[in-house]
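For reference, the structure discussed in these notes is given below.
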Amino acid sequence: MNFLRKYFGIISISIFSLALNLINLDSYSLFGDEFVTLNIASGFGFINTGEIENHTTPINNDLFYPKDYWKRNTMSSLIKSICEGDSGNGIIYETALYLWFKALGLTVFNGRLLSVITSIFTLLFSFLIIRMLFSDIAIAYLSCFLLAIHPLFLNYSHEMRPYSMALCFTTISIYLFFKIIRSDDEKNLILKYIAFGIFTAFALLSHYLTIYIYLFLFFYLLVFYREIFFMGKTHITGALIVFIISGGFMYFWLFVLKGIDGIKVMHIIDKLRLESASLQTHTGIKSIIEGSIQQLLVLFGNYLQYLALQLHEFWFLIIFPFLILIINFKTLLLSIGKKNFYFLIFIVSSSVIYAAILAINAGHTTSFHARYGIFVIPFSGTLISASVISANRLMQNKIKLWITNLSFCALLIICIPSSIPAFTGICCTFYDNPEVRTQIVHFQIPPFHHEPSEVIADKIKAEYKTNDTVYYYNNDISQKANLFLKNY
């Protein structure tokens, strides 16, 4: 009972988050990137780019059996598929999903459920981090509530992609990071370093772009906690252990399992993006500013761009989080302390800074895509929560307090329509279906569409007997439907 009483708040928020993430989890079809994930985890295969040998091309025979697919459902096929289909990115997630399908069966619901589970762990570890940093439990509760309703968090909890798992591992890593640097007791310190090294490797091998989180942690350590390396040999030994573990995992994947082949595909894709990019998305001062605003909007819960609105139609809404932060700058700094303040400010900024560096290097601004900022959303919400709570506790100026609270209410209101794509799949179909723009603008949301391949597979199971021959009208549909016909 004491446990329930002590953690009733976070347990309630976690249940609320779980309920939100389960709503319409399989009520709409897979989209392009999710098919990439499904192809990899099932061994479905890809068209050869010509750069690496392709072992997993789709079956071209007119007559085939479901078992023809599942013969290729092996780890060897998965590794080759991930290099060809996802640039060698996400081996930990794809392996987990491969084993997940082995245990539970291949369905859209099961595939997306893995993202839901990792999202709940993200929420719990975010709570532990915030409790470690701040004495005021209200900041932890409000931060976790904002994370639970964050449109980006909801969207990627509803997707069969590696982002939720990568976010989970980075959040656990940050928790271990603070357990290490803020501990006065060397007991179990080496074990914490080992765990940090493992989760660092898991995060990087779930998504390469998590690297910017670890670059930030390194610089934050050097600026604010470099003295720990003069407190004894334990921290130096621990740092070496982290390097050996994370570096060892990366080396094993890239050079032993040949994940480096995926980097070749990544360079091809990057080149194609640059060639096909419009003048607006070529890197320049204007496009970097626009990209930064776009990503900051999403980090603070504004996902309206995925409701068919153009950036120039709503960019000014960035004023609400900026007002909260600017008005409460001094109050927040005094309230939470210098180290915590700069941690929140710069970890949120690291997403935009890293995207700008990638854009300058690549020549196009694809790196400003909203999804790549997901790894810092637990802390963008914490930054807002700490500001609002500090204002209500300490702010003397009534006008500034009113502006702060009204701006916060505006952020909450914006979150509501911004969350629609997570439950309808509109964000997955908008770019492929221009008619959706008109429907959304008039709030006539299209009906949900179950994954057609899975529906066809269920229909076959109901209407055909084992060993019956089924004729499909489309070769692509026939092969996708057979992914859901294991052991039939």
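Using a 4.5 Å cut-off on side-chain heavy atoms (C-beta onward), Tyr156 and Ser115 make no contact. Looking only at side-chain heavy atoms (C-beta outward), Ile245 and Phe249 come within less than 4.5 Å of each other. Side-chain contact check for Leu304 versus Leu317: some heavy-atom pair is nearer than 4.5 Å.
Between the CD1 atom in Ile213 and the OG1 atom in Thr170 there is a gap of 5.5 Å [rounded to 0.5 Å]. Atom CG of Asn188 is separated from atom CD1 of Ile194 by 10.5 Å, given to the nearest 0.5 angstrom. In this structure, CD1 in Ile174 is found 5.5 Å from CD1 in Ile129, a value given to the nearest 0.5 Å.
Crowding of Ile319 atom CD1: a count of heavy atoms from other residues, nucleotides or ligands under 6.0 Å not exceeding 12. The local environment of CD in Glu227 is crowded, with over 12 non-hydrogen atoms from other residues, nucleotides or ligands closer than 6.0 Å. Summarising the local packing, CZ of Phe218 is surrounded by 12 or fewer heavy atoms from other residues, nucleotides or ligands at distances under 6.0 Å. Heavy-atom contacts from other residues, nucleotides or ligands closer than 6.0 Å to CH2 of Trp315 number 12 or fewer. Within 6.0 Å of CD1 on Ile399 lie no more than 12 heavy atoms contributed by other residues, nucleotides or ligands. The environment of Lys179 atom NZ is sparse: at most 12 non-hydrogen atoms of other residues, nucleotides or ligands sit within 6.0 angstrom.
A side-chain donor-acceptor contact under 3.5 Å links Ser380 to the backbone of Leu299. Checking side-chain atoms of Asn21 against main-chain N and O of Ser157 turns up no donor-acceptor pair under 3.5 Å. Using modelled atom types, no side-chain atom of Arg112 and backbone atom of Glu159 make a donor-acceptor pair closer than 3.5 Å. Panel note: side chain Glu94, backbone Ile91; no donor-acceptor pair is recorded below 3.5 Å. Not a single donor-acceptor pair under 3.5 Å links the side chain of Trp253 to the backbone N or O of Ile260. Of the possible polar contacts, one joining the Asn340 side chain to the Leu133 backbone as a donor-acceptor pair under 3.5 Å is found. A distance-only check finds no donor-acceptor pair linking the side chain of Thr331 to the backbone of Met395 [under 3.5 Å]. Of the possible polar contacts, one joining the Tyr28 side chain to the Ala422 backbone as a donor-acceptor pair under 3.5 Å is found. Side-chain N or O atoms of Thr107 include one that pairs as donor or acceptor with a backbone N or O of Asn110 at under 3.5 Å. In terms of modelled atom types and a separation under 3.5 Å, the side chain of Thr210 and the main chain of Ser206 share no donor-acceptor contact.
The aromatic rings of Phe127 and Tyr7 stand perpendicular to each other, their planes meeting at an angle above 60°, with 30° marking the opposite boundary. In this pair, His158 and Phe423 present their aromatic rings perpendicular. The plane angle is above 60°, beyond the 30 to 60° band. In this pair, Phe199 and Phe169 present their aromatic rings tilted. The plane angle is within the 30 to 60° band. The aromatic rings of Phe177 and Tyr220 lie tilted to each other, with the angle between the two planes from 30° to 60°.
Judged by the 6.0 Å distance and 45° axis criteria, Lys339 is positioned over the aromatic ring of Tyr225. A cation-pi contact, defined as under 6.0 Å to the ring centre and within 45° of the axis, is absent between Arg131 and Tyr175.
Between Asp86 and Arg161 a salt bridge is recorded (basic side-chain N to carboxylate O distance below 4.0 Å).
Side chain to side chain, Gln294 and Gln305 meet the donor-acceptor criterion of an N or O pair below 3.5 Å. A donor and an acceptor atom, one from each side chain of Asn328 and Thr404, are located under 3.5 Å apart. In this model, no donor atom of one side chain and acceptor atom of the other lie less than 3.5 Å apart for Tyr93 and Ser164.
Checking each of Ile241, Ile198, Thr200, Leu205 against Ser246 for a side chain to side chain contact (heavy atoms under 4.5 Å, CB included) leaves exactly one that passes, namely Thr200.
The minimum heavy-atom distance between Gly301 and Ile414, with the atom names listed, is O-CG2, 4.2 Å. Here the shortest heavy-atom pairing between Gly373 and Leu152 reads C-CD2, 4.3 Å. Between Arg182 and Met132 the shortest heavy-atom distance is NH1-O, 3.9 Å. Heavy-atom minimum distance, Leu30 versus Glu34: CA-OE1, 3.5 Å.
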| task | Give the C-alpha distance, both sets of side-chain angles, the deciding distance and a yes or no for side chain to side chain contact (heavy atoms under 4.5 Å, CB included) between Thr424 and Asn24. | result | CA-CA 7 Å; Thr424 64; Asn24 296 334; 5.8 Å; no
| Stepwise ring pair (Phe, Tyr, Trp, His ring centres under 6.0 Å) check, Tyr372 with Tyr212 | CA-CA 10 Å; Tyr372 302 139; Tyr212 74 80; 9.2 Å; no
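If you look at Phe341 and Phe346, their ring centroids are not closer than 6.0 Å.
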